[in-house]
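Heads up, the thing below is written out as C-alpha cells.
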2 protein chains.
Amino acid sequence: MSRWEPDARGRLLRAALELFAEHGYESTTTAQIAERAGLTKTTLFRLFSDKREIVFQAQDELVALVKRGVDEADVGASPFELMVSGVRVLSGAHVDEHRRTGRILDPILAASPELNERAVFKRFALTVALEKALFNRLVDRWEAGALADLGIRAYYLGYDVWVASDGPAPLTSYVLEQVTHLQGAMQRVTNS
Amino acid sequence: MSRWEPDARGRLLRAALELFAEHGYESTTTAQIAERAGLTKTTLFRLFSDKREIVFQAQDELVALVKRGVDEADVGASPFELMVSGVRVLSGAHVDEHRRTGRILDPILAASPELNERAVFKRFALTVALEKALFNRLVDRWEAGALADLGIRAYYLGYDVWVASDGPAPLTSYVLEQVTHLQGAMQRVTNS
DNA sequence: GTCTATACAATGATAGAC
DNA sequence: GTCTATCATTGTATAGAC
C-alpha cells in the first residue's frame, strides 16, 4: 500500500514515447511528459539525469551484459571467441518486445540530432566496455580495440536487420551472421 | 578597415579555453566567454550553434579531408590502401600548433561529460565519412565499415601518442604506425 | 554584413513542506 | 518519494544600430 501509483519510470517512458511520436522530441517539454505520467517535472529529473536519458537509460544495463559475456567465456577461448561470447550475451538479452519498441523509437531518433548524439555515445560506451573486458582477459591492446569495433558494429548491423524483419529468428542469429560477414571482410582486406 | 576587431571566432575560442582551464567547462557561462572576447552572448550563438561547438567546430573540416584522401587515391588502389590514403590526408593537416591546443584541451575534455559526448560524436562522424568514401569507391559494404573503424581508431591512437610526445615526427607517422599495429592484430585474430 | 539590446521558452538544480 | 516554488543558464527570436 503506497500513496502513489507504482512504476513511475515506466509511466514516464511510455508518456514520453507517445508525446515524441505525436509532436516530435524537441516540441515536447519535460513538463508535458511529467503531466501525462501524473507526476511533476521535479520527479522526472530525479528519476532521469536529463531528458535524453528517458529514452536511453535502459541501455545502460547492456554494458554489464557484454562484459559478462566475455568474462564467462571458457579459459581456452581465442580472442575472437571471447568477442563473440560478449556480443552473444549482449544480443541474447533482447526479447521481441524490444523489436516493437525499436520500431517506435527509431524514427524519433532519426529526426532528432540531440537524441542521435546520445545514441552514438551509448554505442561508444558499449565499445569501450567490450574493449576493456577483452583486454582484461589478456588480449593484446590492439586486438582488443579492433575486435571491440568489429563486435559492436556487428551488433548494430544485426539489430537494424532484426528490427526491420518479421521472422521468428532471435536477434543473436542476425548478429552472428554479421560477425561472419565482417570477419570475412577483414581477412580479405588485411591480407592484400 | 572594419569597425570591429577582426577574428571574432578566434577570440571567442581563446577566451573559452582560458576560462575553461581556469574554472572548468560547466562553471563558465556563455556570457562570461562573450564578455572576455569583447562581444555579447547573441554574437556567440550566431557564430557557434551551441556552447560545445566553440571547442569542436574546427573539427568539422576533418570530414572533408578524410573524404578527399580516399577520393584522390590511385585507381588501382586496394581497399586497405584507400583507407590509408584517407587517414594520411586527415592526419597530414595537423601542424604543431594543434599539438599545443590538444595539450590544453584534453584535460578540459576529460573533466566534462558534456564535452566528452560531443567528442565521441565527432569521432563517429569521421568514421561515417570514411566509410561512405570507401563505399563510394566500390568497396564492399562490410569491408568499408570495418576499414573505417580501423582507420579512425589508428588516427585517434596516433593522435594521443603524438600529443604526449615531444619529437619532431609529424602526426602522420604515428598514425601509420598504429595502422600497422591494428592490421597485424586483425590478421592474427580473424584467422584463428 | 556584423554586432547589440531585450525579451523569452525550456532545461535542470535546489530548498523546504507533506 | 513527491510537490511547489524559485532560480541560473542555455539557446532563440526580434528589432535595431553602425
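These numbers come from a predicted model, not from an experiment. Every chain is numbered from 1, with letters handed out A, B, ... down the list of sequences.
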Identify every side-chain donor-acceptor pair in residues 60-68 of chain A under 3.5 Å, counting partners at least two apart or on other chains, and give the distances.
residue, atom, partner, partner atom, Å
A/Asp60, OD1, A/Lys122, NZ, 2.6
A/Lys67, NZ, A/Asp71, OD2, 2.9

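Defined by atom type and a distance below 3.5 Å, a donor-acceptor pair is present between the side-chain atoms of A/Tyr174 and A/Ser165.
Between A/Thr43 and D/dG1, a side-chain N or O to OP1/OP2 separation shorter than 4.0 Å is absent. Look at A/Thr40 and you'll find a side-chain N or O under 4.0 angstrom from OP1 or OP2 of D/dC3.
When the local axes at the two ends of the helix from C/dG1-D/dC18 to C/dC18-D/dG1 are compared, using 5 base pairs at each end, they differ in direction by 20° after rounding to 10°.
With sequence neighbours excluded, the residues that form a side chain to side chain contact (heavy atoms under 4.5 Å, CB included) with A/Ala31 are A/Thr29, A/Lys41. Listed by chain and residue number, nothing satisfies the side-chain hydrogen bond (donor to acceptor under 3.5 Å, both in side chains) test with A/Asn116 (two or more places apart in sequence, or in another chain). Judged as a salt bridge (charged side-chain N to carboxylate O under 4.0 Å, His left out), and not counting sequence neighbours, B/Arg46 has no contacts.
Straight-line distance from the CD atom of B/Glu35 to the P atom of C/dC3: 17 Å, rounded to whole Å. Following rounding to the nearest Å, A/Leu44 (CG) and C/dG12 (P) show an atom-to-atom distance of 9 Å. Rounded to a whole Å, the CD1 atom of A/Ile33 is 10 Å from the P atom of C/dG12.
Residue pairs meeting the salt bridge (charged side-chain N to carboxylate O under 4.0 Å, His left out) criterion with at least one member in residues 180-189 of chain B, sequence neighbours excluded, are A/Asp140-B/Arg188, A/Glu143-B/Arg188. Sorted by first and then second residue, the pairs that involve residues 127-137 of chain A and meet salt bridge (charged side-chain N to carboxylate O under 4.0 Å, His left out), not counting sequence neighbours, are A/Glu131-B/Arg153. The list of salt bridge (charged side-chain N to carboxylate O under 4.0 Å, His left out) pairs with a residue in residues 154-179 of chain B, not counting sequence neighbours, reads B/Arg103-B/Asp166.
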Original post:
Which nucleotides of nucleotides 5-18 of chain D have their base under 4.0 Å from a protein heavy atom (B), which only their sugar-phosphate (S), and which neither (-), written as one string 5' to 3'?
Top reply: B---SBBBB----B
